[in-house]
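One structure is given here, and the rest of the page talks about it.
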Amino acid sequence: MNWKLKAFLFWFLAVPAFTGFPVNNVPGALLPGAGYGWLAYAALVHSAILLLLGLKAYRFATLVALLITVPVVLLGAGISYAGLLIIGWSQSQQTVYAAHYIRLAITMATVIPLALSMVAVIPIHRLESHLLQRPTGVRFAEKIALMVSRVFNHILHFVLPNILEVIREERALSAVGTPHRSKRSETVPLRRRMGGVLRMLIHIGVEAICASIRYVPLWAEEISRLPGYGGAKHKTDGAESSEKEKE
Amino acid sequence: VTGDNGQGKSLVARALSGALSMQGRAMIKGPQVQGTASLLFQDVLTQTLLRSFDTLAAGGPNVSGRTVRSVYAQIQNEYAAAFNSMGGRGNNRGDAPRTGRHSLLDIKTVLVAARLAAAPAALVLDEPDWGLSRRSAIAFVSAVLAAAHRQGTPVILISHKPWWRPAARSGISVTRTAAVRSAPSERLVFTITLHLTSGGP
């Protein structure tokens with residue numbers, strides 16, 4: 001199956017996520033907030049990613065979705081329930097909150113992998129190569145797209161892998177008690193460990209931003225020198241006519 | 001560990017130090033310690049994650065800043081002695097105490113100190129002469145070797161430069177071959193082979 005058909009299928013599959021139709025209209029729910037419509041839609045989306053993009057891409061998309069969904073949902077629910085405790089515990093409010101956060105978790109766990117797949121299915125490197133070699137030149141919007149895709153590729157294939165390598169080498173995850181944990185780290189107080197994790201996250205954030213934009217001036221210069229749409233053709237014509245004049 | 005450019009030396013270093021995401025586990029089994037090695041990247045600027053010298057010297061959850069600074073001072077002293085004992089030309093990059101600015105050598109030294117302070121199974125130096133003059137690089141490596149061997153940590157030196165050869169107890173050359181896997185997907189598969197070679201002075 002070629003990428004255009006895959007892209008069409010993913011974009012078509014995204015219609016219910018954007019419009020809410022028909023997933024919001026299906027009656028019945030397994031749990032409060034977990035309607036049958038959304039559960040079936042989530043199963044369909046995950047099956048499609050697995051079948052069309054393969055196990056490796058599915059694992060990555062699911063991992064990213066979990067990394068975003070779990071903190072957002074837990075933090076949101078924690079804040080809401082803390083507020084509920086302060087203003088006075090109410091059974092009806094508690095049910096409303098529970099339904100809201102279950103719905104949020106299902107929606108995020110469905111929409112994030114779908115959005116990643118919609119981008120991942122596009123062969124950006126091939127499109128970039130096609131644009132750079134096109135004899136008729138490059139439009140302004142296409143130059144912007146080239147710049148965006150280059151920064152995106154740089155982040156995906158250079159910045160993130162490098163940061164991950166440094167984190168793995170430093171056993172930085174041991175600070176939060178992963179399988180890499182050493183015997184010594186158990187004696188470190190939790191407060192100090194969490195402080196270390198926070199500092200590390202700040203460094204990673206700063207490094208990620210700086211490394212992502214490191215080559216932007218170079219690429220901007222390079223891409224701005226590409227011939228504009230129609231310009232290359234005119235230039236070629238002009239060169240041909242001057243050669244004829246010389247002859 | 002020697003080998004031409006692109007043969008996979010840095011990949012081996014990353015595997016040994018646990019920096020690589022991979023199936024299985026590569027570990028060092030030494031006479032005194034066994035486990036995963038620590039690595040000084042070739043591109044140390046990336047390895048810093050833009051952390052300042054003081055942040056790197058402050059240690060981590062498993063290592064105190066005092067230990068890191070103590071190892072740092074040892075390496076710095078050994079470096080100065082080795083650098084001054086050598087003849088020839090070459091910029092001394094270890095002049096931070098005088099200028100107040102930290103050089104690439106200081107960053108390399110503090111990264112190595114932080115790793116040695118954690119007593120790893122081995123210390124891997126990936127192209128340690130990157131960004132240094134030959135004289136400075138030789139002084140730096142000999143200083144790191146002295147500090148590491150004092151605490152019983154073996155050092156694995158990765159380089160494609162021949163002049164490290166006499167310093168090595170043993171040698172491994174890395175070669176890479178590529179082949180197209182026929183079925184089910186026509187993917188290019190790289191095989192990295194490690195050959196034991198004779199080493200030592």
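Note that the structure is a prediction, hence the values are computed from the model and not measured. In what follows, chains are A, B, ... by sequence order, proteins preceding strands, each numbered from 1.
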A/Glu170 side chain reached by B/Arg115 side chain, heavy atoms, under 4.5 Å: yes
Any side-chain heavy-atom pair of A/His203 and B/Thr48 under 4.5 Å: no
Flag side-chain contact, heavy atom, 4.5 Å: A/Asn162 against B/Gln47: no
Heavy-atom pair with the smallest gap, counting every atom of B/Ser21 and A/Arg168: CB-NH2, 3.3 Å
Within-4.5 Å side-chain heavy-atom neighbours: B/Leu50 and A/Cys210: yes
Between CZ on residue A/Arg199 and OG1 on residue B/Thr55, distance to nearest 0.5 Å: 8.5 Å
Neighbour count >12 (heavy atoms, 6.0 Å) for atom CZ, A/Phe8: no
A/Trp3, CH2 atom: more than 12 neighbouring heavy atoms under 6.0 Å: yes
Options B/Gly35, B/Ala37, B/Pro120, ranked by heavy-atom pairs under 4.5 Å with chain A, top entry: B/Ala37
Taking every non-hydrogen atom, the tightest pair across A/Glu165 and B/Leu20: OE2-CD1, 4.3 Å
Per-residue contact mode, B/Arg14 against chain A (heavy atom under 4.5 angstrom): side chain
Donor-acceptor contact present, side-chain A/Glu169 to main-chain B/Ala19, <3.5 Å: no
Sub-4.5 Å side-chain heavy-atom contact between B/Phe41 and A/Val166: yes
Exceeds 12 heavy-atom contacts within 6.0 angstrom, atom CZ of A/Arg214: yes
Enclosure of B/Phe53 CZ (heavy-atom neighbours >12, cutoff 6.0 Å): yes
Atom CZ of B/Arg150: over 12 foreign heavy atoms under 6.0 Å: yes
Residue A/Lys4 excluded, over 12 heavy atoms near NZ under 6.0 Å: no
